[in-house]
Amino acid sequence: FIKKFGDEGWPNIAHVYAVRGEKDQAFKWLELSVKNEDASLFEILNYPEFKVLHKDPRWNKFIGSLGLPSKEGFSKQ
């Protein structure tokens, strides 16, 4: 999957790693999504499979990097 889509499928690859419980790799690919300004990031925030990352301190940092409004329930801690 990475070989075929690694140049553009960053959020999808992060999704696979999150499902597998491989948090470090999931965050690595989420950061690549941000770096490459992938618009699907806003969609994936609703994926229940990413809930495994929500308790990780890197999650709030990641959310903060997106500049989402805190009034919508996104924390910038």
As a quick check of understanding, evaluate side-chain contact (heavy atoms from CB on, under 4.5 Å) for R58 and L53, giving each step before the final call. CA-CA 8 Å; R58 294 174 287 185; L53 304 178; over 6 Å; no

For the hydrophobic clusters of this structure (ILVMFWY residues joined by side-chain heavy atoms under 4.5 Å, transitively), does one cluster hold both W10 and I2? yes

Can you see which heavy atom on P11 is nearest to which on F50, and at what distance? O-CZ, 4.2 Å

Please report the closest heavy-atom contact between V52 and A18, naming both atoms and the distance. CG1-O, 3.5 Å

L41 to S33 - nearest heavy-atom pair and separation: CD2-CB, 3.5 Å

Any chance you could measure I63, atom CD1, to H54, atom NE2, to the nearest 0.5 Å? 6.5 Å

If you apply the rule side-chain contact (heavy atoms from CB on, under 4.5 Å), what do you find for W59 with L30, and how did you get there? CA-CA 10 Å; W59 181 254; L30 285 173; 4.2 Å; yes

NZ of K55 to NZ of K23, rounded to nearest 0.5 Å, is 9.0 Å

Is it possible for you to say whether V16 and F27 belong to one hydrophobic cluster, with membership spreading through side-chain heavy-atom contacts below 4.5 Å? no

Common cluster, F1/L32, ILVMFWY with side-chain heavy-atom separation under 4.5 Å: yes

Restricting to non-hydrogen atoms, name the atom on D38 and the atom on E8 that form the minimum distance, rounded to 0.1 Å. OD2-O, 3.8 Å

